[in-house]
Amino acid sequence: MRRRNRTTTAANGRVQPALAGSAQEALLGSDCSCCLSPASPPPPPATPAEPVAFDTESRFKEKPWEYLETEEYIERYGEKPVWFGYRRNHKGAIPPQKTSKTCIRGKKIAGNPCPVCRDQKLHLDYRNVKLLEQFICSHTGVTFHPTHTGVCMKQYKRLTQAIDKARDHGLLSFRIPWVTLQDEDYSNQHQAVAKTPPAPSLQSQAPWYSWYEWQQPPEKDIARIRKIYKNYLKEETGPA
Amino acid sequence: MAALGAPRCLWRCAAAPLGLPRAGRALAGSRGHGQDAGSEADKKESHATKPCFTDEAVQSLLYKMTGLDLQKIFRPLKQELKPPTYKLMTESELAEATRKAIQEAKELLKMSPVLSEREPIDDVLAEDRILEGTETAKYVFTDITYSTPHRERFIVVREPTGVLRKATWEERDRMIQVYFPREGRKLVPPPIFKDENLLTVFREDRHEDILNLCIAQFEPDSANYIRVHHRTYDDIDKHAKYHLLRSTRHFGGMVWYLVNRKKTDGLLIDMIQRNLMDDATCLVSLYHILHPDCQSAKAAKDQVLHGVDLIKVFMKTESNRIGYIELALQAYQEALASSAAL
């Protein structure tokens, strides 16, 4: 009786063919009554290729500078910057002064992706200074224009943000603007910044406005109102 | 509002005789200007034996120690490159150009002020409990008259509880930056000034850069300014990187900090190793000005010492690293002897 090819479903729900050759014979053999070996569980299926790539990307996401040390990077780029040798596709001799808006729209990737988008392991992070320095001119300290390096506008925006953040955190050196301190009066004697004595009502814990607390009204007003409402006053209804 | 006006007039009348001292503009800035108004104050302070950073004697010593390396002050910076210009000059023209460069260098070496930390402001001007619950946010009122100096600007905050108080120093700096933005200063101080990021900067030997950034960002009497400066000076002292700040405007402040805390050994060794004996004697005399009660100061006054003898007396009485200083002095004297022999 020939057993149908068993299919196993892996953890991510994808259906894979079962093992061929000796493994299947082992499975067949386990049913045979002559060899009374205990039913060994089937060997686990081979791990599929996709989760491995996902692991390296996430590893480089947390430590993006490690990718620049790997053999893969050195083989691909050598000593040159990442954007070296990249050529944009455009009509005519003069390229448009703005590069493409983005290389990846949803799941669709453009035909000729920019140097940053084409290598998914390159992450523009404020911490991998070596990658950021490739996009800054070492002589002038100016970030290269996207028409020079070929990056798309979306990645260029992320690049400038990463460079600013790296400069703010002190990881990237840059030219500091020279500020001369004017001769100012630092004595702090003016009323605006010196101690003002608190108001008397604050010191004595009295209310700020006198009417914040109940004040006994003057006798004249009480008498006047009593006279107006004398027919309705409770305590005076008796004697009238 | 009228009710608010009345007590304020009362305080003004009350404040004047109580003596918020109207001392006039005692400029505590750099050395050139402070002397006229401050000389009387200095005399009083010298009676109380507490020399100030702005004293003429102190400033001249610090200026001598800073040095004037034109090659370092006018070194080429990273900027947009232009084709170089060449000038053909005679000897006199070259001398004139050097003199102008030295003058400009002196302007660039003007020291930044060293002040004590400012007192926090927490004065309540009014309490209007009737406004409680009407608003959900604080209101900050700033006087934006263009001609008032920033230190005389009134900035008050109305809290949601109805309390009208003066703005704190941080709020003042932020508001003044909003209405009168200064170049190089950001609204929120960048994270480079946090302690962990300072370490990264120090590892790359960018002490001068961080001090220039600090001057651009903070007021000279703010806590952050003082903290960043002290951290930088401590790191330089720890790793003996004094040469990074020589011929900059920060060297004077660093020497003042180290001499006040009696941490002069490393600096002295560095000066002797670089054959700067004049600077070493200046350092020792500054130490004596600031700590006139120490042994070496009294010995120097009694015996009127100069040069290497002064340093030797100082070394024996005040320093912790006598061995290193002796070695350095020995090496210096041997070098002198050999060069004299040649």
Side-chain angles (χ1 to χ4, degrees), chain A residues 65 126-130 133 136-145 161 163-214, chain B residues 3 7 10-11 14-15 18 20-23 25-30 33 77-81 108 110 112-113 115 118-119 121 123-130 149-155 166 169 172 182-185 190-192 197-198 200-201 204 206 209-210 212-213 215-216 220-221:
Chain A
W65 53 90
Y126 75 98
R127 291 166 298 174
N128 64 339
V129 177
K130 272 195 203 162
E133 273 174 353
I136 304 172
C137 178
S138 51
H139 307 288
T140 57
V142 162
T143 321
F144 289 123
H145 199 262
Q161 283 168 354
I163 289 174
D164 280 333
K165 200 169 171 190
R167 284 180 179 155
D168 279 342
H169 284 259
L171 299 163
L172 209 54
S173 67
F174 59 105
R175 187 181 162 188
I176 316 290
W178 180 267
V179 173
T180 39
L181 275 178
Q182 264 78 47
D183 283 331
E184 249 185 58
D185 179 17
Y186 295 114
S187 53
N188 291 347
Q189 301 290 353
H190 193 259
Q191 272 190 359
V193 293
K195 293 249 181 245
T196 35
S201 55
L202 274 178
Q203 272 178 327
S204 60
Q205 302 295 318
W208 184 256
Y209 297 116
S210 56
W211 43 264
Y212 274 159
E213 303 222 323
W214 167 255
Chain B
L10 284 172
W11 308 340
L18 274 180
L20 283 174
R22 302 217 166 244
R25 298 249 174 150
L27 290 170
S30 310
H33 297 263
L77 298 167
K78 242 188 201 177
Q79 59 192 0
E80 288 289 340
L81 297 171
L108 290 174
K110 233 166 148 188
S112 49
L115 306 163
R118 55 197 178 187
E119 302 268 330
I121 306 175
D123 292 327
V124 170
L125 301 174
E127 269 194 37
D128 292 291
R129 295 269 163 221
I130 198 167
H150 292 316
R151 300 246 161 183
E152 293 180 17
R153 220 172 265 286
F154 278 97
I155 302 180
K166 279 196 194 159
W169 280 111
R172 282 188 70 89
R182 259 177 78 152
E183 213 197 302
R185 192 175 282 201
I192 199 173
N197 293 328
L198 279 178
T200 329
V201 174
E204 291 176 20
R206 283 165 57 203
D209 288 345
I210 192 86
N212 283 333
L213 271 174
I215 287 178
D221 49 1

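Given the structure is predicted, the values throughout are model-derived calculations rather than measurements. A, B, ... follow the sequence lines: proteins, then strands. Residue 1 opens every chain.
- The backbone N or O of A:Thr196 lies less than 3.5 Å from a partner atom in the side chain of B:Asp123, making a donor-acceptor pair.
- In this structure, chain A has heavy atoms under 4.5 Å from both the backbone and the side chain of B:Leu213.
- Around atom CD of B:Glu183, no more than 12 heavy atoms belonging to other residues, nucleotides or ligands sit under 6.0 Å away.
- A:His169 places no side-chain N or O within 3.5 Å of a backbone atom of A:Leu171 that could act as its donor or acceptor partner.
- Contact of B:Ile121 with chain A is made through the side chain alone, with heavy-atom distances under 4.5 Å.
- By the ring-ring contact (aromatic ring centres under 6.0 Å, His included) test, A:Trp214 pairs with no residue at all, sequence neighbours left out.
- Heavy atoms closer than 4.5 Å to chain A are found in the side chain of B:Arg206, but not in its backbone.
- A search for ring-ring contact (aromatic ring centres under 6.0 Å, His included) contacts involving A:Phe174 returns nothing, not counting sequence neighbours.
- Contacts between A:Val193 and chain B at a heavy-atom distance below 4.5 Å involve backbone atoms as well as side-chain atoms.
- B:Asp221 touches chain A through its side chain: at least one heavy atom from C-beta onward sits under 4.5 Å away, while N, CA, C and O do not.
- Chain A forms the most heavy-atom pairs under 4.5 Å with one residue out of B:Arg185, B:His150, B:Lys166, and that residue is B:Lys166.
- Across B:Ile155, B:Leu198, B:Ile210, B:Leu77, the residue that shares the most heavy-atom pairs under 4.5 angstrom with chain A is B:Leu77.
- Of the listed residues A:Gly141, A:Ser138, A:Cys137, A:Ser173, the one with more heavy-atom pairs under 4.5 angstrom with chain B than any other is A:Ser173.
- Under a 3.5 Å cut-off, the side chain of A:Tyr212 and the backbone N or O of B:Ile130 do form a donor-acceptor pair.
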